[in-house]
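Structure, as structure tokens:
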Amino acid sequence: MTNVLALDIGGTKIAAGLVGDDGTVRLDREVPTDQTSPDAVAAALEGLVGGVLTAAREQDLEVADVVGVGSAGPVDAGRGTVDPVNIVSLRGFPLVEHVARAASRVLGREVTAALAQDGQCFAAAEQWIGAARGSRSMMGVVVSTGIGGGIVLEGRILAGKSGNAGFLSHVGVVLDGELLPGSGALGVVEAYASGPAMVRAALAQGWRHGERVDARVLTADARAGDPVATAVIAAGTRALASAFLSTAALLDLEDVVVGGGVASAGDVLLDPLRRAYAELAVYPHLADVRISASQLPRGSGLVGAGRLGWQRLGA
């Protein structure tokens, strides 16, 4: 059976593995991401590509002539580069060219690489083998330190002109509203619904004054009935529901799948999110959008990058 080499590049780790045509991941391995040195990132990519492909040869596993690459964005699909805020070492790095060359050298034949945002790969994985399996129109959303997203229509990742379609973090929910730190954007959903945003809102209301806190503490307090934590999460999820509704109205979605660190809080986040969406969605074709929690483990980035590679092959 043929496999696609997949890479998942994030702020803390770079992972690689083979992905079969059923979404099964084999020979996966990972290394920490060097945040500052392009040379270190280049060496890490070469080591991972070489390690996985050498192991595949030893086990007589067939590997296709395309690599699927998912990365923190924004991406520039035309140039094959990425510009992630949190990974200085990758800004402007020739990612597609470097990965394709490394794989070609090991396999002894020409290999190409396809690039997508990590949010798009998350969505592709969920639509392929996860909570929205087989959905005709869906959005995958990662709610964590930031908010990422991707859209799959009729089984294919929606890329857009630059490769950044589904960039949900910058969907406006409040006209001229809160400033998103580090970006200059006003009133976008990440300024209200990310983990740090909700923690900031709670601290401004006197919650756990002077303590070292994060989104995990906030959601735990909401689960225990703390009124400030509960109110802040209700406001944040209402902003998130508004962004969902805008996207559903534009694209006639069937499904939204939510993952990420904050989303792992489960019903503490999903219950108010679903209630807010139900209040906002007034038309039947919007009200019946299914909002589900991710069903995939942390390896969904590799699965989605593999799906990208399979789609480049026409599968």
Side-chain angles (χ1 to χ4, degrees), residues 1-10 13-31 33 38 40-84 87 89-90 92-125 128-129 150 152 156-157 159 162-164 299-315:
M1 180 178 70
T2 302
N3 299 271
V4 163
L5 176 63
L7 291 170
D8 176 29
I9 302 170
K13 67 178 177 65
I14 303 175
L18 298 183
V19 180
D21 61 4
D22 60 353
T24 300
V25 178
R26 299 175 176 85
L27 305 180
D28 53 308
R29 57 192 68 190
E30 64 183 54
V31 297
T33 303
V41 170
L45 288 169
E46 290 174 10
L48 285 169
V49 169
V52 172
L53 293 181
T54 299
R57 181 187 300 126
E58 292 171 349
Q59 297 185 28
D60 293 324
L61 296 175
E62 186 177 348
V63 181
D65 293 338
V66 65
V67 183
V69 182
S71 174
V75 306
D76 186 329
R79 294 175 56 212
T81 60
V82 296
D83 191 27
I87 315 176
S89 54
L90 275 176
F93 183 82
L95 185 57
V96 165
E97 177 186 344
H98 190 84
V99 168
R101 186 169 60 242
S104 298
R105 186 164 53 245
V106 177
L107 291 175
R109 60 182 189 267
E110 184 176 356
V111 176
T112 61
L115 173 66
Q117 271 197 55
D118 51 5
Q120 294 169 340
C121 289
F122 171 76
W128 191 18
I129 61 170
V152 178
R156 302 195 69 81
I157 296 171
S162 66
N164 291 293
S300 63
L302 281 180
V303 174
R307 181 62 167 162
L308 174 68
W310 279 109
Q311 289 187 345
R312 176 62 66 89
L313 289 168

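Atom CH2 in Trp310 sits 7.0 Å away from atom CG in Asn3 (nearest 0.5 Å). Considering CZ of Arg307 and CD of Gln311, their distance stands at 5.0 Å, rounded to 0.5 Å. With rounding to the nearest 0.5 Å, the separation of CG in Leu48 from CD1 in Ile9 is 9.0 Å. Between atom CG of residue Leu7 and atom CG of residue Leu115 there is a gap of 10.5 Å, rounded to the nearest 0.5 Å.
In this structure, Leu18 and Val63 have side chains that are in contact, with non-hydrogen atoms separated by less than 4.5 Å. At a threshold of 4.5 Å between non-hydrogen side-chain atoms, the residues Val19 and Val25 count as touching. Residues Thr112 and Asp65 fail the side-chain proximity criterion, which asks for heavy atoms closer than 4.5 Å. Side-chain contact check for Val52 versus Arg29: some heavy-atom pair is nearer than 4.5 Å.
Checking side-chain atoms of Thr2 against main-chain N and O of Glu62 turns up no donor-acceptor pair under 3.5 Å. No donor-acceptor distance shorter than 3.5 angstrom exists from the side chain of Asp76 to the backbone of Val82, with no hydrogens or angles considered. No side-chain donor-acceptor contact under 3.5 Å links Gln120 to the backbone of Leu308.
The local environment of CZ in Arg79 is sparse, with at most 12 non-hydrogen atoms from other residues, nucleotides or ligands closer than 6.0 Å.
Every salt bridge (charged side-chain N to carboxylate O under 4.0 Å, His left out) that Asp8 has, sequence neighbours left out, goes to Lys13.
Counting only residues at least two apart or in different chains, side chain to side chain donor-acceptor pair (under 3.5 Å) contacts with residues 45-61 comprise Glu46-His98. Applying the side chain to side chain donor-acceptor pair (under 3.5 Å) test to residues at least two apart or on different chains, the pairs with a partner in residues 16-25 are Asp22-Thr24.
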- Query: Which is it for Leu45 and Leu95 under the side chain to side chain contact (heavy atoms under 4.5 Å, CB included) test, yes or no, and what are the steps along the way?
  - Reply: CA-CA 9 Å; Leu45 288 169; Leu95 185 57; 3.7 Å; yes
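Closest approach of Leu5 and Ala103 over heavy atoms only: CD2-CB, 4.4 Å. The two residues Ala64 and Leu313 come nearest to each other via the heavy atoms CB-CD1, 3.6 Å. In this structure, Gly70 and Ala305 approach most closely via the heavy-atom pair N-CB, 3.8 Å. Between Gly304 and Ala125 the shortest heavy-atom distance is N-CB, 3.7 Å. Considering every non-hydrogen atom in both Ala72 and Ile87, the closest pair reads CB-CD1, 4.2 Å. Residue Gly20 comes nearest to Met1 through the heavy atom pair CA-CE, 4.3 Å, listed as atom of the first residue, atom of the second, then distance.
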